[in-house]
A.B. asks: 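Quick one: the structure is below, and I'll ask about it shortly.
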Amino acid sequence: MKLQLVKQAAGELPDFLKGLNPEQLKAAATTEGPLLIIAGAGSGKTRVVTFRIAYLLDKGIAPYNILALTFTNKAAHEMKERIATMVGDSTSSKVWAGTFHSIFARILRSEAEHLGYSPSFSIYDSDDSLSIVRAVMNTLGVSQQQVPPQGVRSRISSAKNQMIGWQRYAAEAGNILEKQTGQIYEEYEKRLRLNNAMDFDDLLINIINLFRNFPEILKKYQDRFRYIHVDEYQDTNRAQYMAIKMLAAGQHGNLCVVGDDAQSIYKWRGADIRNILDFQNDYPDAAVVRLEQNYRSTKTILSAADDVIGNNRKQLAKKLWTDNPQGAKISVLPARDDREEADMILKAVRSEMNENFLAPKDFAILYRTNAQSQALEDSLRRAAVPYTIVGGVSFYKRKEVKDTVAYLRLLVNPNDSESLLRVINEPPRGIGATSIQHIRTFADERNISLFEAFAHANEITTIQKRAAVAAQTFTQMVQRFIDIKDDIPPTELAVSFMEATGLLRMLKDENTEESLDRWNNVQRLLSNIAEMTAREENPSLEAFLQQIALVSDTDEADTTKNRVALMTMHAAKGLEFPVVFIAGMEQGLFPMGRAENNAEETEEERRLFYVGITRARQKLYLSHAERRFRFGELVFSQPSRFVGEIRQELLEVKAGTMSFQQRQAPPKQQVDFKAPRQPFFDEIPKDDFISQVPPKQPKLRVGIKVKHAQFGVGTVQGLSGEGSKAQAVVYFPTFGKKHLMLEYAKLQVMG
DNA sequence: ATCCGTGAGCTTTTT
DNA sequence: GCTCACGGAT
């Protein structure tokens, strides 16, 4: 009966939908009204959503009537690409597909004036917002020693995600800490406003404010977005939930959400799993489709995932199954320490490559924290196995890149005082903290922006003439570029502006390996602008800045290259690999220490493990170390309880130097912390070690070559003073003559 | 203003 | 083990 219905429907459906299974087909073809797709790991979720959109287009729905919201740029790109292969580039590119933040930023930019922002508002990332919190704390006289700024920032952010403004936050503040946070919150918000800037949270909140206060604008977007898709719905927070609800409340309101409650791993960032659990309450007439057939993994891997997630309580009913073969058992690799763990993984990679004809790109090594990548990298590098780190320290977080971005922001948004302060002494312009303080007071008194105050520095009696001249010279330089901003192409503008700032010159003149690296990074950013100019229809510096504010390195990871991928399990969501390693399966690390005694957090960690397991198609390895370096200290730990949640017959322990059984049975000899420690790694013989300690005072003479940490190699030209007053005059080819205090400057005598 | 050493905090995870 | 703010010294 049901099958017949499907068949009937299928008769009218375009051919390309025929490759779908009945559930997938239902999900793709139910285009009207609210729809909840509960999509288990590896059940073809992305495929279904892209087919659904292709189907809508095929039915004649205009591409700009379709909205698809994702969490990462990567997911959005992938979706667009897949749609493009089905309907062509020109149609696909008109579909509104992007991250919450980028789509909302785009809308906000065209509606900015309604909310009192200018369209060229700056977008602050979490580092920027942290430094504003710090600055605010300084002006309010709150000690950063007593109140960690990081904590303040996260309290503010989580308040914003729950749409609690500073007024309400302050009113409801119970303890001193909250009252203090409330004050900082207020000042923080005011400063962002003055700077014509939004943080990530504002991009969501301001959309809601816009829709709330301007019904006609809301209606415009409700009419535009007739078909709304939300990916990873389980990860939406309160604000995202509200925004979606408002958009879908219009006369069209065809809302399709896709998610898997078992893969909710962003609670810490404000994700509210209730949003998906309660979808059917919010939309009583919602259709529900469960995608339960897994096309990705072996039976073994799926059973393990099932064993693990079964220990969580709150779940939507679903049962994943697969037609795939049973597959190999899951290997457990017990190691003595993190280095041995890395070596065991390396060994396994090599033998898998040889035995199963796999290439580096078929492997992923996943871990809980980025810090774990170090040992793994070392191992792979030594063995010359090509690898790539996904995520990690972002290109856009490097100082010189942030400085360049700040310069460019200043160009499009001179009100952006944070950016001004960031770059004012980069290169040094002789405007010190005291002068800046006075200029700031001047700005506050006249209620003008810091930039304007800088421009009128000559009227400020409290600062030195030299500083005033420097301040004005700087603003005049920036102003010259602001004046021609719209008359010349963005790339040309950016390049000549950056030349004029002196930043490039400074880096070049420093002429060290690091500074040339930095110079290159600035150039790379500039060439990104050129790239965008070539790609976009009407390129602008504003658009470029908005775009880079919202991309992460995870999005840029080049998976096309044939390399072993290293990343956190969070970064791995949505990906799949034939062979997956999960490293660091230890109590205190995974689950994290703080989660161990907290049921909810343990459940979230468990979901993260579930995500990790289900990335694997054919083979899964779990490794753990008995001890590892954390915070520069050797830490001992037990194997993770999560490993024990997988039924024994699915596991196979690869004996390392010690067998798993030995450590699982209560060891006869508990590790005695007072006992002399086992030699760790290849211990350095004592004599060698001592000989490496440099003598307290290097024996310097005139004419000898020395090495300085910053200036490099130079020649000693003179010596003076004794004991703590001892000084040397050293000539460095690239830096010239330097007077150095021997007590501080650690000079190495060159052999 | 700039350079250096010190000590605290950091490691969850990201748009 | 690393990074960053801070303080002391020049």
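When reading the values below, keep in mind they use all heavy atoms of this one structure, side chains included, and skip hydrogens, waters and symmetry mates. Just so it is clear, the model here is predicted, and its values are computed rather than measured.
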A.B. asks: Quick check on DNA chain B: between Gln150(A) and His101(A), whose nearest nucleotide comes earlier from the 5' end?
C.D. replies: Gln150(A)
A.B. asks: Quick check: Phe71(A) with Phe100(A) (ring centres under 6.0 Å apart)?
C.D. replies: yes
A.B. asks: Nearest nucleotide by nearest heavy atom, which residue falls closer to the 5' end of DNA chain B, Ala549(A) or Ala371(A)?
C.D. replies: Ala371(A)
A.B. asks: Has Lys267(A) got more than 12 heavy atoms of other residues, nucleotides or ligands less than 6.0 Å from its NZ?
C.D. replies: no
A.B. asks: Looking at dT14(B), I'd like to know if its phosphate oxygens (OP1 or OP2) sit under 4.0 Å from a side-chain N or O belonging to Thr568(A).
C.D. replies: yes
A.B. asks: Does Arg607(A) count as lying over the ring of Tyr610(A), i.e. NZ or CZ under 6.0 Å from the six-ring centre, within 45 degrees of the axis?
C.D. replies: no
A.B. asks: Within this structure, what is the CE-to-C1' distance between Met137(A) and dC6(C), rounded to whole angstrom?
C.D. replies: 15 Å
A.B. asks: Would you mind classifying the nucleic acid contact of Ser126(A) as base, sugar-phosphate or nothing, using non-hydrogen atoms under 4.0 angstrom?
C.D. replies: base
A.B. asks: Using OP1 and OP2 only, check whether a side-chain N or O of Asn73(A) sits under 4.0 Å from dT15(B).
C.D. replies: no
A.B. asks: Quantified in whole Å, what is the C1' atom distance between nucleotide dC6(C) and nucleotide dT11(B)?
C.D. replies: 23 Å
A.B. asks: Taking only residues two or more places apart in sequence, or in another chain, which ones meet Phe200(A) in a ring-ring contact (aromatic ring centres under 6.0 Å, His included)?
C.D. replies: His101(A)
A.B. asks: Report the distance from atom NE2 of His570(A) to atom P of dT11(B), rounded to the nearest whole Å.
C.D. replies: 14 Å
A.B. asks: Quick one: Arg269(A) CZ to dT13(B) P, roughly how many Å, whole number?
C.D. replies: 13 Å
A.B. asks: Report the nucleotide, chosen from dT2(B), dT13(B), dT15(B), that has the shortest atom-to-atom distance to any side-chain atom of Pro428(A).
C.D. replies: dT2(B)
A.B. asks: Restricting to side-chain contact (heavy atoms from CB on, under 4.5 Å), what partner residues turn up for Ala468(A), sequence neighbours left out?
C.D. replies: Ala457(A), Ile463(A)
A.B. asks: What is the separation between atom CZ on Arg134(A) and atom P on dA8(B), rounded to the nearest whole Å?
C.D. replies: 16 Å
A.B. asks: Between dT13(B) and Trp268(A), is there a base-stacking contact, meaning the centre of the base's six-membered ring lies under 5.5 Å from the residue's ring centre while the planes stay under 30° apart?
C.D. replies: yes
A.B. asks: Using whole Å, report how far CD of Gln547(A) lies from P of dT15(B).
C.D. replies: 14 Å
A.B. asks: For Phe100(A), which contact category applies under a 4.0 Å heavy-atom criterion: base, sugar-phosphate, or nothing?
C.D. replies: nothing
A.B. asks: Heavy atoms under 4.0 Å, any strand shown: does Pro148(A) hit a base, just sugar-phosphate, or nothing?
C.D. replies: nothing
A.B. asks: Just compare dT14(B), dT11(B), dT15(B) and give me whichever is closest to any side-chain atom of Ala571(A).
C.D. replies: dT14(B)
A.B. asks: Whole-Å distance between dC2(C) C1' and Phe629(A) CZ?
C.D. replies: 14 Å
A.B. asks: What is the nucleic acid contact for Ile431(A), judged by heavy atoms within less than 4.0 Å: base, sugar-phosphate only, or nothing?
C.D. replies: sugar-phosphate
A.B. asks: Measure from CD1 on Ile265(A) to P on dT14(B) and round the result to the nearest Å.
C.D. replies: 9 Å
A.B. asks: Round to a whole Å and report the spacing from NZ of Lys160(A) to C1' of dT15(B).
C.D. replies: 14 Å
A.B. asks: Can you spot which of Glu340(A), Glu586(A), Glu633(A) makes a side-chain hydrogen bond (donor to acceptor under 3.5 Å, both in side chains) with Arg628(A)?
C.D. replies: Glu586(A)
A.B. asks: Counting the atoms with a prime plus P, OP1 and OP2 as sugar-phosphate, which does Phe71(A) contact under 4.0 Å by heavy atoms, base, sugar-phosphate, or nothing?
C.D. replies: sugar-phosphate
